[in-house]
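One structure is given below, encoded as structure tokens.
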Amino acid sequence: MLKKQTVLILSEGFGCGHTQAAHALAAGLEITDSRIQARVLELGSFLNPRIAPMIHAAYRTAISTNPGMIGKLYRNQYEKPLGGFSVLALHKLFYSQAYQTIQELKPDFIICTHPIPCAIVSRLKESGLEIPMYTLITDYDAHSSWIHPGVDCYFVSTPEVRSLLMQRGVRSEAIQVTGIPVHPDFWTKQDKGLVRSQLELADLPTVMMMGGGWGLLYNEALIKTISAWREHVQFICCTGSNDKLAARLNRLTELQHPHIRVLGFTTEISKWMDASDLLVTKAGGMTCTESMAKRLPMLFYDSIPGQELKNQEYFVKNGYGLALSSTDLLDQLLAQACFGARQEGGSPMAEICKFTSRSTMPSPYRPDLCIRQIAGILMPGTQELSLSQAYL
């Protein structure tokens with residue numbers, strides 16, 4: 001029996017999307033090609049199990065309390081790759097054992113789903129590490145922090161992201177438009193009625209609300225809208241790992257209703273999406289890609305300035321969602337869903353009706369082909385796909 005090829009997928013715990021993408025890629029590769037075995041590692045957390053959680057907590061606090069600052073930092077550094085001094089400092093302070101760890105794991109390939117391990121492995125390659133390294137960009141934009149000389153190939157979401165990388169000097173042959181992988185659970189769509197029965201949901205128009213793994217911080221206007229429509233619409237409020245938010249929502253009397261479900265961390269988001277008619281969400285790269293794979297229409301709310309707004313721009317432009325500037329737009333959509341209210345002309349209501357029509361939504365993303373294309377790049381014996389097949 002031939003030895004399996006080991007793929008080491010490196011991420012970091014800043015947000016949930018990067019590691020989520022890593023696990024999705026690992027699961028998909030192992031299903032697609034039996035010659036591949038994959039391991040996911042949050043490199044900083046693995047090397048510094050005491051310090052890393054404190055850094056992640058500080059980042060989480062900054063995102064929650066001052067998203068504008070995060071957006072400003074994103075824009076200020078947009079065209080500036082991570083400097084050599086910064087990479088050296090990161091290596092000395094947090095990643096000094098990275099080389100030893102990689103040598104012990106003996107991977108045949110390394111794929112990075114976060115810019116920091118990408119920078120660290122790139123530096124190690126300049127110092128003599130001889131392992132092919134690939135970078136999976138997990139958003140619909142290309143921040144310069146992703147770009148490093150040790151990367152053998154970039155896997156990107158769209159042709160537009162490929163063009164951005166080329167404008168910054170990356171060779172065209174070192175960029176493959178693969179799309180962003182999602183877990184195999186999202187490759188197919190289950191019958192809505194069956195899933196609702198399994199999840200003990202009513203057969204009503206169903207709106208799923210989520211804000212990534214840390215949970216969407218609902219404001220007063222949004223809670224008021226949920227409460228106003230609870231007799232006619234079913235709401236699934238996903239708080240992810242934000243246990244405090246879940247507890248706060250469960251204490252609100254206006255949300256204590258049979259048609260309102262507060263959902264904490266779950267590994268069955270795929271099922272909840274299948275049960276839903278509409279997703280209200282922040283524009284995280286992974287969440288949007290999962291929803292696109294499920295053909296679930298999106299309304300974007302409270303997206304973080306920076307990469308999430310860039311993601312939002314892409315999905316709105318391509319007809320997969322609309323930006324929710326106020327709860328008035330949500331009210332209009334719910335009225336249309338419940339009572340068939342329609343308006344003609346150039347009003348927001350007309351756009352919503354067009355957008356939510358199953359026959360006019362764009363072609364669904366094909367994540368199974370996305371994974372097969374990446375597997376074919378790593379292992380040339382895997383069935384190769386054309387760019388048009390893999391992308392849409």
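We use all heavy atoms of the structure for the numbers below, so side chains are in, but hydrogens, waters and symmetry mates are not. Numbers for residues simply follow the sequence, beginning at 1. If you're wondering where the values come from, they're calculated on a predicted model, not measured in any experiment.
- Counting heavy atoms from C-beta on, the side chains of Cys370 and Phe155 never come closer than 4.5 Å.
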Quick one, Cys118 with Val151, criterion side-chain contact (heavy atoms from CB on, under 4.5 Å). Give me CA distance, side-chain angles, the key distance, then yes/no.
CA-CA 8 Å; Cys118 180; Val151 178; 3.6 Å; yes
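- Transitive grouping of hydrophobic side chains (ILVMFWY, heavy atoms separated by less than 4.5 Å) brings Trp272 and Trp187 into a common cluster.
- Using a distance-only test at 3.5 Å, with no hydrogens or angles considered, a donor-acceptor pair links the side chain of Lys125 to the main chain of Gly150.
- The side chain to side chain donor-acceptor pair (under 3.5 Å) with Thr206 is formed by just one residue from the set Lys192, Gln234, Arg261, His259; it is Gln234.
- By the rule that hydrophobic residues join a cluster once side-chain heavy atoms approach within less than 4.5 Å of another member, Phe46 and Leu124 end up as members of one cluster.
- Residues Ile180 and Met292 have side chains not in contact (no heavy-atom distance under 4.5 Å, counting atoms from C-beta outward).
- A heavy-atom distance below 4.5 Å is not found between the side chains of Arg123 and Ile120.
- The two residues Cys288 and Lys282 have their closest heavy-atom pair at SG-O, 4.5 Å.
- When each of Lys310, Gln312, Glu308 is tested with Ser303 by the rule side chain to side chain donor-acceptor pair (under 3.5 Å), just one qualifies, namely Gln312.
- Of the possible donor and acceptor atoms, none in the side chain of Arg196 sits under 3.5 Å from a partner among the backbone N and O of Leu201.
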Take Leu25 and Val7, measure what side-chain contact (heavy atoms from CB on, under 4.5 Å) needs, and give me the verdict at the end.
CA-CA 10 Å; Leu25 179 58; Val7 180; 6.0 Å; no
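- With no hydrogens or angles considered, no side-chain donor-acceptor pair links Glu268 and Thr266 at under 3.5 Å.
- At least one side-chain heavy atom of Met273 sits under 4.5 Å from a side-chain heavy atom of Phe186.
- With hydrogens and angles disregarded, a donor-acceptor distance shorter than 3.5 Å links the side chain of Asp274 to the backbone of Gln190.
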Ile223 and Glu220: CA distance, side-chain angles, deciding distance, side-chain contact (heavy atoms from CB on, under 4.5 Å) verdict
CA-CA 5 Å; Ile223 291 172; Glu220 186 175 335; 5.9 Å; no
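- In this structure, the side chains of Glu12 and Leu43 come closer than 4.5 Å at one or more pairs of heavy atoms.
- For Ser227 against Glu254, the heavy-atom pair with the smallest separation is OG-CB, 3.6 Å.
- Of the possible donor and acceptor atoms, one in the side chain of His183 sits under 3.5 Å from a partner among the backbone N and O of Asp185.
- Taking both residues in full, the closest heavy atoms of Cys112 and Met133 are given as SG-SD, 3.9 Å, listed atom of the first, atom of the second, then distance.
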Run the side chain to side chain donor-acceptor pair (under 3.5 Å) test on Thr289 and Tyr140 for me, step by step, so that the C-alpha distance in whole Å, both residues' side-chain angles and the decisive distance to 0.1 Å come before the verdict.
CA-CA 10 Å; Thr289 307; Tyr140 292 78; 2.7 Å; yes
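- Here the CZ atom belonging to Phe265 is positioned 11.0 Å from the OG1 atom belonging to Thr239, to the nearest 0.5 angstrom.
- Inter-residue side-chain proximity for Leu378 and Leu29 is flagged as met; some heavy-atom pair is nearer than 4.5 Å.
- Distance CG/Leu249 to CG/Leu255: 6.0 Å, rounded to 0.5 Å.
- The shortest distance between side-chain heavy atoms of Lys106 and Thr6 does not fall below 4.5 Å.
- The distance from the CE atom of Met379 to the OG atom of Ser34 is 8.5 Å, given to the nearest 0.5 Å.
- In terms of heavy atoms, Ile374 sits closest to Pro181 at CD1-CG, 3.9 Å.
- Across every non-hydrogen atom of Gly13 and Glu42, the tightest pair is CA-OE2, 3.6 Å.
- With values rounded to the nearest 0.5 angstrom, Asp139 atom CG is found 13.0 Å from Tyr314 atom OH.
- Between the side chains of Thr178 and Gln373, no donor-acceptor pair is found at a separation under 3.5 Å.
- Counting non-hydrogen atoms of neighbouring residues, nucleotides and ligands closer than 6.0 angstrom, the CD atom of Glu104 exceeds 12 such neighbours.
- Between Leu41 and Leu105, the closest side-chain pair of non-hydrogen atoms falls below 4.5 Å.
- A side chain to side chain contact (heavy atoms under 4.5 Å, CB included) with Met210 holds for exactly one of Ile269, Ile236, Val280; it is Ile269.
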Could you walk me through whether Gln307 and His143 pass the side-chain contact (heavy atoms from CB on, under 4.5 Å) test, one step at a time?
CA-CA 8 Å; Gln307 65 268 35; His143 194 278; over 6 Å; no
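- For the atom pair CH2 of Trp146 and CD1 of Ile116, the computed distance is 10.0 Å after rounding to the nearest 0.5 Å.
- Taking the six-membered ring where the residue is Trp, His114 and His18 present perpendicular rings, their angle passing 60° and hence far from 30°.
- In this structure, Leu204 is not a member of the same hydrophobic cluster as Leu278, with clusters built from ILVMFWY side-chain heavy atoms closer than 4.5 Å.
- With rounding to the nearest 0.5 Å, the separation of CD in Gln20 from OG1 in Thr113 is 10.5 Å.
- Across all their heavy atoms, Leu10 and Pro117 have their closest contact at CB-CB, 3.8 Å.
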Take Lys294 and Ser270, measure what side chain to side chain donor-acceptor pair (under 3.5 Å) needs, and give me the verdict at the end.
CA-CA 8 Å; Lys294 291 287 189 178; Ser270 171; 2.9 Å; yes
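- Placement of Leu309 and Leu299 in two distinct hydrophobic clusters is found when ILVMFWY residues are connected by side-chain heavy-atom separations under 4.5 Å, directly or transitively.
- Both Tyr154 and Ile131 are assigned to one and the same hydrophobic cluster, defined by single-linkage of ILVMFWY side chains at heavy-atom distances under 4.5 Å.
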